[in-house]
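Keep in mind that the numbers below use all heavy atoms, side chains included, and drop hydrogens, waters and symmetry copies.
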Amino acid sequence: MNNENHPLLRELNAQQRAAITVPPGPVLVLAGPGSGKTRVLTHRVAWLLSMELVPPWQVLAVTFTNKAAREMRKRLDGMLERTASRGLSIGTFHATCARILRREAEWAGLDSDYVIFDSADQLSAMKLVVKELGLDDKRYRPRALLGAVSRAKNELLLPADYPVHTYYDEIVARVYRRYQEMLRENSALDFDDLLVEPVRLFRATPEVLEKYRQRFRYILVDEFQDTNMAQYTLLRQLSQEHRSLYVVADEDQSIYSWRGADTRNIHRLREDYPELQEFLLEENYRSTQVILNGAQAIIAHNLERTPKSLFTRRPGGLPIALHEAYDEEEEADFVAREVQALQRANYTPGDVAVMYRTNAQSRALEEAFVHANIPYRLIGGTRFYSRKEVKDVLAFLRLAQNPDDNVSFLRVVNLPARGIGARTLAKVAAQAEAQQSSRYRAAMALVAQGTLSRRTRNALQVFTELVTAWHEAREQLPVVQLLDRIIADTGYESYLRDNTDVGESRWENILALRAVTAEAPELLLRDFLTDVALVADVDELDERVEAVTLLTLHSAKGLEYPVVFITGLEDGMLPHSRSLDDSLQAVAEERRLLYVGMTRAKERLYLSYAFLRHWYGNTEPSLPSRFLADLPPEVLGQPSKPKRSVQGANHWSAPRWGQALQRQPERRPAVQQRFHRGQHVSHRRFGEGAVQDSQIEGGEELVTVLFFDNRVGVKQFLAGLAPLEPFSKH
DNA sequence: AAGGATTGCTTTTTT
DNA sequence: AGCAATCCTT
């Protein structure tokens with residue numbers, strides 16, 4: 001079996017080969033960043049399928065994001081015989097569990113048409129609970145309660161088992177019980193339920209567990225350090241008999257403990273599987289030595305970790321650039337200007353990622369990029385599926401699927417306004433309570449009773465009849481047609497398009513949602529809604545797009561870029577202030593977060609912090625992150641004397657790294673000059689203007705334009721990239 | 001019941 | 001600063 005010449009083992013180092021060819025059994029691969037973890041996992045699957053004659057349908061590979069799952073499948077498709085990768089189960093924990101629960105709904109005591117509540121839905125539900133139990137929402141904040149409930153679920157505690165030490169615990173236990181009831185009344189599961197319910201199902205029903213043990217005889221898990229108790233228990237349930245569990249982990253990259261992830265699962269694994277075989281992957285294929293040294297210096301300060309000796313065969317490298325900016329605006333300008341300089345040095349915008357701790361930090365960067373005309377792509381933030389208008393339309397669709405979903409019902413019952421206000425809804429709630437049914441059924445009952453005023457009665461009747469009609473149509477119509485019908489029936493388009501720019505862009509979001517539904521015409525509404533609930537924003541990351549990527553450090557896990565900027569390295573921002581008044585472990589996790597960010601960089605790494613930072617609307621001076629003190633001076637480059645920028649006024653102007661910026665290999669061919677002084681041009685965003693100057697610089701044509709709109713003024717563009725055209729009248 | 005004004009609160013991080 | 005919940009007016 002140790003066939004050194006096997007095609008699957010080509011171009012792999014000895015550590016990787018050993019990890020890939022180990023006989024089935026419990027295996028833990030401990031690996032540093034950039035060590036080809038995912039590659040090893042993928043090759044392991046291919047190895048199992050080709051050498052062990054394992055049938056693909058017995059293999060389950062669990063990844064952290066849908067994107068990782070897609071990439072893994074793509075790679076396997078390329079490596080294996082066409083038919084071999086079919087039947088293979090690859091997916092996230094949540095997606096895998098969602099599928100199991102659909103199939104075994106009856107055994108699990110669930111409605112197979114269940115909907116998935118995202119965090120906004122959870123919050124709505126929790127608010128209803130707090131109201132219903134007559135609690136003061138100032139004292140018992142729905143968010144905090146939700147956190148407590150989530151923690152309990154991740155620990156696999158039922159409401160009855162919730163440990164009560166204080167009066168507050170007592171309330172949490174009550175709230176938890178009622179919240180759970182409410183979810184089930186709505187045929188809903190939240191994210192935690194997706195993990196917890198299979199565990200309970202397998203505990204309660206050995207024959208179902210046995211079925212899945214047979215089904216998933218070979219289980220592989222990526223990013224194992226980020227599993228929580230429920231996930232670990234699930235893995236143990238499935239694998240404790242056949243014991244073919246293969247996990248890949250890096251405790252230094254554990255950044256989700258706030259979500260219940262627990263690196264102690266690595267130790268539990270050693271205890272629960274004494275025959276566990278361990279492998280190390282220490283060679284880094286991603287970063288230069290300098291970047292790796294910097295990252296190592298940061299992470300070495302954490303206690304309670306197994307020191308690793310990471311090495312790379314890419315010696316030297318450019319120094320890590322450390323930049324102090326005056327404020328966040330200047331910091332963003334610095335990033336934008338460096339990106340432009342990088343472009344002149346043959347980097348493309350797609351080579352660059354800008355990372356930060358909190359989503360709110362993206363705003364200044366976006367503005368700077370718009371200003372500098374650099375294409376960018378924002379990951380996270382107000383995520384597409386959580387935008388109000390998108391959630392509204394999804395709520396209609398969810399009602400079509402499951403009219404008893406009270407949360408969706410309450411969200412859209414009066415949207416667009418159809419005269420169903422708080423008083424009416426209170427009556428509906430009372431009726432629902434009385435007849436122990438959903439709001440939808442209660443509303444129908446009230447309409448039938450005829451005790452309401454004519455106007456209210458009409459409004460309610462119109463709405464419930466629409467829902468009923470959609471519900472009946474859902475099986476006949478493809479999702480896209482159902483969506484069109486809903487929009488037509490509710491007049492949602494004219495509600496959104498109120499002749500403002502905001503209204504237009506909201507409508508565009510709906511059109512984008514519609515395009516998603518049109519892509520998969522045969523998809524059932526139920527499965528469409530599941531997919532939508534479980535996509536992450538990183539999943540949408542498309543490498544083909546030539547744009548700078550803006551993302552949080554958390555979303556950056558598992559990705560790599562030639563150039564990485566990490567911004568906002570200030571005390572309170574990167575060790576986030578919330579972690580500072582927390583425990584030591586919380587600060588250690590912040591440190592790991594920086595480590596994860598730094599190790600995303602292949603060639604160049606920029607670290608920056610601002611002297612002033614806007615915080616809750618006011619501006620406050622800040623100190624450089626305490627982590628920066630741990631960087632050895634030799635990894636930090638000495639910037640050359642800053643050249644005066646054109647404006648010149650700003651004494652904080654960014655240093656340039658001059659020569660060092662040149663990307664070693666190929667240079668771009670010289671470009672033809674397209675614009676000349678005095679020429680009339682038009683720009684997609686800024687309108688019309690006149691060229692003041694144009695010259696070739698660093699293989700790019702740099703055009704200076706005075707726009708006729710004096711709010712815009714003078715701007716400079718790279719002719720090759722900017723949406724700038726010679727103006728012609730027609 | 002709807003829409004506008006005011007207050008007060010919030011931000012980690014995401015499947 | 002931005003947003004959601006609440007209050008206030010019509």
Aromatic stack A:Trp258/B:dT13: centroid gap under 5.5 Å, interplanar angle under 30°:
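Here A:Trp258 meets both the 5.5 Å and the 30° conditions.
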Nearest-angstrom distance from the residue atom [atom1] of [X] to [atom2] of [N]:
X: A:Gln361; N: C:dG2; atom1: CD; atom2: C1'; value: 16 Å
X: A:Asn228; N: B:dT14; atom1: CG; atom2: P; value: 17 Å
X: A:Leu594; N: B:dT13; atom1: CG; atom2: P; value: 17 Å
X: A:Asn154; N: B:dT14; atom1: CG; atom2: C1'; value: 12 Å
X: A:His576; N: B:dT14; atom1: NE2; atom2: C1'; value: 15 Å
X: A:Arg99; N: B:dT15; atom1: CZ; atom2: C1'; value: 15 Å

Base, sugar-phosphate or nothing for [X]? Non-hydrogen atoms, less than 4.0 Å.
X: A:Arg363; value: sugar-phosphate
X: A:Asn414; value: sugar-phosphate
X: A:Phe93; value: nothing
X: A:Ala422; value: sugar-phosphate
X: A:Thr424; value: sugar-phosphate

Salt-bridge test for A:Arg305 and A:Asp252: reply yes if a basic N is under 4.0 Å from a carboxylate O, no otherwise.
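Yes.
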Side chain to side chain contact (heavy atoms under 4.5 Å, CB included) between A:Thr490 and A:Phe396: does it pass, once the steps are laid out?
CA-CA 10 Å; A:Thr490 55; A:Phe396 283 124; 3.8 Å; yes
If the plane angle is over 60° it's perpendicular, under 30° parallel, otherwise tilted; pick one for A:Phe565 and A:Tyr606.
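Aromatic pair A:Phe565/A:Tyr606 classed parallel.
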Looking only at the aromatic ring of each residue, does the gap between the centers of A:Tyr492 and A:Tyr495 stay below 6.0 angstrom?
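Ring centres of A:Tyr492 and A:Tyr495 closer than 6.0 Å.
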Please determine, for the side chain of [X], which listed nucleotide ([options]) has the closest atom?
X: A:Ser555; options: B:dT14, B:dA2, B:dA1; result: B:dT14
X: A:Arg141; options: B:dT14, B:dT10, B:dA1; result: B:dT10
X: A:Ala360; options: B:dT15, B:dT11, B:dA1; result: B:dT11

Could I get a table of every N or O pair under 3.5 Å where one atom is in the protein and the other is in nucleotides 4-8 of chain C?
residue : atom : partner  : partner atom : Å
C:dA5   : OP1  : A:Lys127 : NZ           : 2.5

Find out whether the Lys NZ or Arg CZ of A:Arg418 is both under 6.0 angstrom from the six-membered ring centre of A:Phe463 and within 45° of the ring's axis.
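Output no; distance or angle outside limits.
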Please determine if A:Arg259 forms a cation-pi arrangement with A:Tyr256, meaning its NZ or CZ atom is less than 6.0 Å from the six-membered ring centre and no more than 45° off the ring axis.
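Yes, cation above the ring, under 6.0 Å and within 45°.
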B:dT15 phosphate, OP1 or OP2: any side-chain N/O from A:Thr65 under 4.0 angstrom?
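For B:dT15, neither OP1 nor OP2 has a side-chain N or O of A:Thr65 closer than 4.0 Å.
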Phosphate OP1/OP2 of B:dT13 contacted by A:Asn359 side-chain N/O (<4.0 Å):
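For B:dT13, OP1/OP2 do have a side-chain N/O of A:Asn359 under 4.0 Å.
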Nearest-nucleotide wise, let me know which of A:Gly421 and A:His554 is further upstream toward the 5' end of DNA chain B.
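The answer here is A:Gly421.
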Contacts of type side-chain hydrogen bond (donor to acceptor under 3.5 Å, both in side chains), residue A:Gln180, not counting sequence neighbours
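Testing A:Gln180 for side-chain hydrogen bond (donor to acceptor under 3.5 Å, both in side chains), a comparison that skips the adjacent residues, returns A:Lys153, A:Asp193.
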